[in-house]
Amino acid sequence: MKATRKQSTHRRHVRIRRRVKGTAERPRLAVYRSNNHIYAQVIDDYKHHTLAAASTLDSDLKNDEGGATKDASAKVGKLIAERSLAKGVKQVVFDRGGKLYHGRVAALAEAAREAGLDF
């Protein structure tokens, strides 16, 4: 029986999370992409604490064109990088959440790199 897209995404996510752990020195940059929005969090997995978060629903970005574009994802990537750097986090481990590194996920990651995050 062929797996659905949701099942394939879930399997990829479980496989990735086995290896990717966020620490205090190098937290995890977790990305969640829905059909309408994109969300990013910088997480310390050992303390179970979110250090910084950004999404297309933030008041800074909400008045823009919408949340389901690569431009909006790039703005979220820049915003999460600024908030992380303000907290003193420069290095992160990237967790794409089971999604393919393509399109909106890649746009967010590259904008975060350009804004100063190292991963």
Side-chain angles (χ1 to χ4, degrees):
M1 178 181 273
K2 189 173 181 179
T4 64
R5 183 177 297 181
K6 188 172 185 176
Q7 290 169 336
S8 298
T9 300
H10 180 69
R11 276 200 328 252
R12 267 194 310 273
H13 184 59
V14 169
R15 187 173 61 234
I16 289 167
R17 287 289 287 128
R18 267 187 259 153
R19 292 177 293 177
V20 175
K21 300 279 188 239
T23 63
E25 298 82 29
R26 195 170 174 129
R28 177 171 55 100
L29 174 60
V31 176
Y32 174 73
R33 180 185 64 83
S34 71
N35 286 338
N36 297 323
H37 297 284
I38 194 159
Y39 308 84
Q41 293 181 330
V42 177
I43 304 166
D44 179 357
D45 286 321
Y46 290 102
K47 290 184 180 177
H48 304 287
H49 185 70
T50 299
L51 305 172
S55 75
T56 53
L57 293 173
D58 281 351
S59 59
D60 300 339
L61 303 176
K62 194 164 183 170
N63 296 333
D64 290 343
E65 68 277 346
T69 63
K70 286 170 49 172
D71 292 335
S73 297
K75 290 177 185 177
V76 171
K78 184 178 179 196
L79 186 61
I80 192 72
E82 290 171 359
R83 290 178 179 177
S84 298
L85 292 172
K87 296 278 185 162
V89 176
K90 295 179 183 156
Q91 289 188 326
V92 295
V93 178
F94 188 66
D95 176 13
R96 56 192 168 95
K99 302 293 186 186
L100 298 177
Y101 187 84
H102 178 28
R104 293 190 282 155
V105 174
L108 186 143
E110 298 196 8
R113 274 192 197 106
E114 289 174 6
L117 280 183
D118 181 30
F119 54 93

(request) In sequence, state the C-alpha distance, the side-chain angles, and the governing distance for Y39 and R33, and then conclude on side chain to side chain contact (heavy atoms under 4.5 Å, CB included). (result) CA-CA 6 Å; Y39 308 84; R33 180 185 64 83; over 6 Å; no
(request) Check the pair K99 / H13 against side chain to side chain contact (heavy atoms under 4.5 Å, CB included), numbers first and verdict last. (result) CA-CA 8 Å; K99 302 293 186 186; H13 184 59; over 6 Å; no
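Atom CD1 of I43 is separated from atom OG1 of T50 by 5.0 Å, given to the nearest 0.5 angstrom. Between R19 atom CZ and D95 atom CG the span is 10.5 Å, to the nearest 0.5 Å. Here CD of Q41 is found 10.0 Å from CG of L51. Values are rounded to the nearest 0.5 Å. Considering CZ of R28 and OH of Y46, their distance stands at 11.0 Å, rounded to 0.5 Å. For the atom pair CZ (R113) and CZ (F119), the distance works out to 4.0 Å, reported to the nearest 0.5 Å. Rounding to the nearest 0.5 Å places CG of L29 at 6.5 Å from CG of L108.
Between K90 and D118, no side-chain nitrogen of the basic residue sits less than 4.0 Å from a carboxylate oxygen of the acidic one, so the salt-bridge criterion is not met. By the 4.0 Å N-to-carboxylate-O rule, R104 lies too far from D71 to be salt-bridged with it. Salt bridge present: D45 and R17 bring a charged side-chain N and a carboxylate O closer than 4.0 Å.
Nearest heavy atom pair, residue L85 against residue V89, reads CD2-O, 3.4 Å. Contact detail for A112 and A81: the closest heavy-atom pair is O-CB, 3.8 Å. Taking every heavy atom of both residues into account, D44 and G22 meet most closely at OD1-O, 3.6 Å. In terms of heavy atoms, A68 sits closest to N35 at CB-O, 3.4 Å. Closest of all the heavy-atom pairs between L100 and V105 is O-CB, 3.9 Å. Closest non-hydrogen pair, S8 versus A3, comes out as OG-CB, 3.8 Å.
The aromatic rings of F94 and Y101 sit perpendicular, their planes meeting at an angle over 60°, well past the 30° parallel limit.
V42 places a side-chain heavy atom less than 4.5 Å from the side chain of I80. Side chains of L117 and S84 form a contact here, defined as non-hydrogen atoms less than 4.5 Å apart.
Hydrophobic clustering places V31 together with L61 (ILVMFWY residues linked when any side-chain heavy atoms are closer than 4.5 Å, directly or through intermediates).
When atom types are taken as modelled, the side chain of E82 and the backbone of L79 share no donor-acceptor pair closer than 3.5 angstrom.
With D60 as the partner, the salt bridge (Lys or Arg N to Asp or Glu O under 4.0 Å) test is satisfied by one option alone out of K78, K75, R83: R83.
The number of heavy atoms from other shown groups lying within 6.0 Å of NZ (K21) is above 12.
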